[in-house]
Amino acid sequence: MDAFHALSLGGAKFNKKRFQSQVQLFSGKAGESSSSRPLKRTKDDAELPPELDFFKYDKGGKQTRADSDKEESSDNESDDEARATKKRKLNDDKDAAPTPASHRVTTKGQDVPQSLVSFAALKDRFDVSSRLLQNLADCGYKTPTGVQEYGIPILLAGRDLAAISPTGTGKTLAYTLPIFASLKSPASRSQDIAAAGVRAVILAPTRELAGQIYNECLKLAQGRKWRIVLFSKATATTLADKDVRDKIDIIISTPLRLVACLKSETLELDNVRHLVLDEADRLLDTEFLEQVQEIFAACSHKELRTAVFSATLPAGVEEMAMQMMRNPIRIVVGLKDTPLPLIAQSLVYVSSESSKLLTLLQHLGQPYVPPLLVFVSTQPRAGSLAEELVLHDVPNVDCLHAGMSKKEREDAVTRMRNGESWVMITTEVMARGMDFKGVRGVINYDFPQSVQSYIHRIGRTGRAGQTGTAITYFTDADAPYLKSIANVLLQSGSPVPEWIMKLPKPSKMKRRMMGKVKRGDDVSPAARITKGDTKKRRDMIAGSKRRKAREGEAVDADVGEASS
DNA sequence: AAAAAAC
C-alpha cells in the first residue's frame, strides 16, 4: 500500500467518526430502531423541530430567523430584548455551534450610513410604511442579520452597494425590503407620469432562484397592489401592451429572458431606479456578462441605483462590479470566501466510480434527516445517479437539472418544498441561492469545480442559524483541486486530515497530472497512484484526456509545462 | 475547467 492510500484511509477513518456521532444524534430523536429509513415527517408531527417545518414556510407563515449570524457586528448595540432572544435561542438549540469570532461586518466606502438597530427603527429613520413592517413581522423576521443591518440603510440612503455575506444570512431581504420601501407606492396607484414603467429589476442566474425571489417579494407585497413580474416566455408576450408594461413595478428575471425583450423592443428599462444582481459573481461570469451589460445599459435613468450581492465575489469580478457602480459602498460579513462554521464539513476519499456509489448507498442506509441534497457535475450524471438509487430501493429519490422541462423543474422544486423529496440529485443549477428550509445535509458526489461552487453548494444547508453537514467525495482525479477546498474547510473550522494539507501546490500537482506521470522517480502521491491499479490509471488518463482535449492537444502530447 | 441561462 502506497503512501497516498495509507493516508487516505486516515481520511476515511476520520470521517467514520463523524458519521457515528451523527447517528447517535439522530437515534436520540428517532428512537432505538435501527431502521434504514429516514426519519419520517408529517405535517402534524408535534416533535418536528421548527427548522424542519418548511410547510409553514411554504404557506408564507412563521419562520424563526436565527441571529447567531450577526454576532457582535456593531458597536451601537441592538436592544436588550434582541440579546435576550438570542440567548434563549442558543440555550434551546443544542445543535447550535459555538458562535464565531469572525462574524463582524466590515464596510468600505464614503459616508457609510449608520447600521440598522432593529426593523422597528425603519419607520422613524426612513419613513417605512407600517404595512411593510407588518408584512415583515408576518414573515417572522424579528431582528436584522448582519447584511440586513448594514445593507438596508445603505440602499435606503440611495447608495450603490456591493454586499458579500455568507450563504443563508438573509441577502434577499436585504435588497427586497429597500426596493419596496423606496418605491413607496405601486405604479398602478400613482397619477404621477414619472412613476410609470418598471422601476426595479432583480436579476438571478437560474429560473428557480428567480422564482424564489419572486415568492419573497410577494410576501412583502401582501395587501398592496404591487405588480411584480416573474419573467417567463408567457409573461413576455403580455408586454406588447404598453399600458400593461407601465403598471409593472418590479421585474425578476434571468438575464437572457430580459435581453430578448429588450431586443424585441417590448420593454423599456429607462425608468428603472433599482437594479440588483443577485449571485453577482455568477452573473458577471463570461457567459452572462454581455447580457447583464446590455441590461445595465438599458437602465438609463440618472437615478439608477445598483446593488450586487453574493456570498462569493472574486477580486477581479468585484473590481468590475465596482466600476459599474457610482461611489459604491462595500460590505463584507465575516471572512470572505469562508462558509459558516454551522456547516460541519468533511472530505471522503472514494477510489472509483463504483465505490462512490457504494459510499453514498451506505450513507443513505443510515438514518438521516431528509431532504438530502446531492450534487453531481453533469445533467446526465444526475439522471443516471437518480436511476441507480431508485434501482437500489432508495425511497423518494428526486432529480433536478436544467435539462428537464420547465414543468418538471417546477414540480421538483415543489416536491422539495413539500418535503416529498428525501434525496435530491442535482447539478450546479441548485448550487446558488436556493433556500430549502429543511436541508440538513449536502453531499458533493462529484467534486465541485471551484471554491466558489463549493461554498455555494454546501451553503444549501446551515441556513438561518441552523446547523448542517456537508460531505465531499473526492477521487484521485480531484487531487489537484483538493487542497484549495481543504483550505476552505480549515478556515471555517472543519477538521482536515493533515496529509491533505501536505499536498503540493495545486498548479504543480495539475501539471503532474497532465502528463508528467511517466517519471519513475516521482514520489508525489498523485503520480504514484497511476503506477498502481489499472482502474485508477484509467480514471487518471480519462482526466488528463479531458484536460488535453480542452487545449486541443493530442492525448499523448506532453502539454504539462507548455500550458502554464 | 465545466455546467449553468434561454432560444
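First the proteins, then the strands, lettered A, B, ... as listed; each starts at 1. We use all heavy atoms of the structure for the numbers below, so side chains are in, but hydrogens, waters and symmetry mates are not. All values derive from a computational prediction rather than experimental measurement.
Glu287(A) approaches Arg282(A) most closely through the heavy-atom pair OE2-NH2, 3.3 Å.
Counting any heavy atom pair closer than 4.0 Å across all strands shown, Pro255(A) reaches no nucleic acid atom. Arg282(A) comes within 4.0 angstrom of a nucleotide base, judged by non-hydrogen atoms across all strands. Within the nucleic acid shown, Ser453(A) has no heavy atom closer than 4.0 Å to any nucleic acid atom.
Put simply, CG on Asp281(A) is 13 Å from C1' on dA4(B), counting in whole angstrom units. Distance CZ (Phe375(A)) to C1' (dA3(B)): 13 Å, rounded to an integer number of Å. If you take CG of Asp446(A) and P of dA4(B), they are 12 Å apart, rounded to a whole angstrom. To the nearest angstrom, C1' of dA3(B) lies 12 Å from NE2 of His401(A). In this structure, Leu400(A) atom CG and dA3(B) atom C1' are separated by 14 Å, rounded to whole Å. Rounding to whole angstrom units, CG of residue Leu230(A) and C1' of dA6(B) are separated by 14 Å. Nucleotide dA4(B) holds its P atom 16 Å from the CG atom of Leu283(A), rounded to whole Å.
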Can I get a per-line list of side-chain donor-acceptor pairs under 3.5 Å for residues 304-318 of chain A, giving both atom names and the distance, sequence neighbours left out?
residue: Arg305(A); atom: NE; partner: Gly158(A); partner atom: O; Å: 2.4
residue: Ser310(A); atom: OG; partner: Asp281(A); partner atom: OD1; Å: 2.8
residue: Ser310(A); atom: OG; partner: Thr312(A); partner atom: N; Å: 3.1
residue: Ser310(A); atom: OG; partner: Thr312(A); partner atom: O; Å: 2.8
residue: Thr312(A); atom: OG1; partner: Asp281(A); partner atom: OD2; Å: 2.5
residue: Thr312(A); atom: OG1; partner: His456(A); partner atom: NE2; Å: 2.7
residue: Glu318(A); atom: OE1; partner: Arg330(A); partner atom: NE; Å: 3.4
residue: Glu318(A); atom: OE1; partner: Arg330(A); partner atom: NH2; Å: 3.4
residue: Glu318(A); atom: OE1; partner: Lys336(A); partner atom: NZ; Å: 3.3
residue: Glu318(A); atom: OE2; partner: Arg330(A); partner atom: NE; Å: 2.5

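A salt bridge (charged side-chain N to carboxylate O under 4.0 Å, His left out) check over residues 235-244 of chain A, counting only residues at least two apart or in different chains, returns the pairs Lys242(A)-Asp246(A).
A salt bridge links Asp435(A) to Lys437(A): at least one charged side-chain nitrogen sits closer than 4.0 Å to a carboxylate oxygen.
Remark: Thr206(A) is not in phosphate contact with dA4(B), judged by side-chain N or O atoms under 4.0 Å from OP1 or OP2. Note on Arg409(A): a side-chain N or O is less than 4.0 Å away from OP1 or OP2 of dA5(B). Within the 4.0 Å cut-off from OP1 or OP2 of dA4(B), at least one side-chain nitrogen or oxygen of Gln379(A) is found. When the side-chain nitrogen and oxygen atoms of Thr378(A) are compared with OP1 and OP2 of dA3(B), none of them lie within a distance under 4.0 Å.
Of the listed residues (Val397(A), Thr469(A), Ile425(A), Ile443(A)), just one forms a side-chain contact (heavy atoms from CB on, under 4.5 Å) with Leu372(A), and that residue is Ile443(A).
Of the listed nucleotides (dA4(B), dA6(B), dA5(B)), dA5(B) has the atom at the smallest distance from the side chain of Phe288(A).
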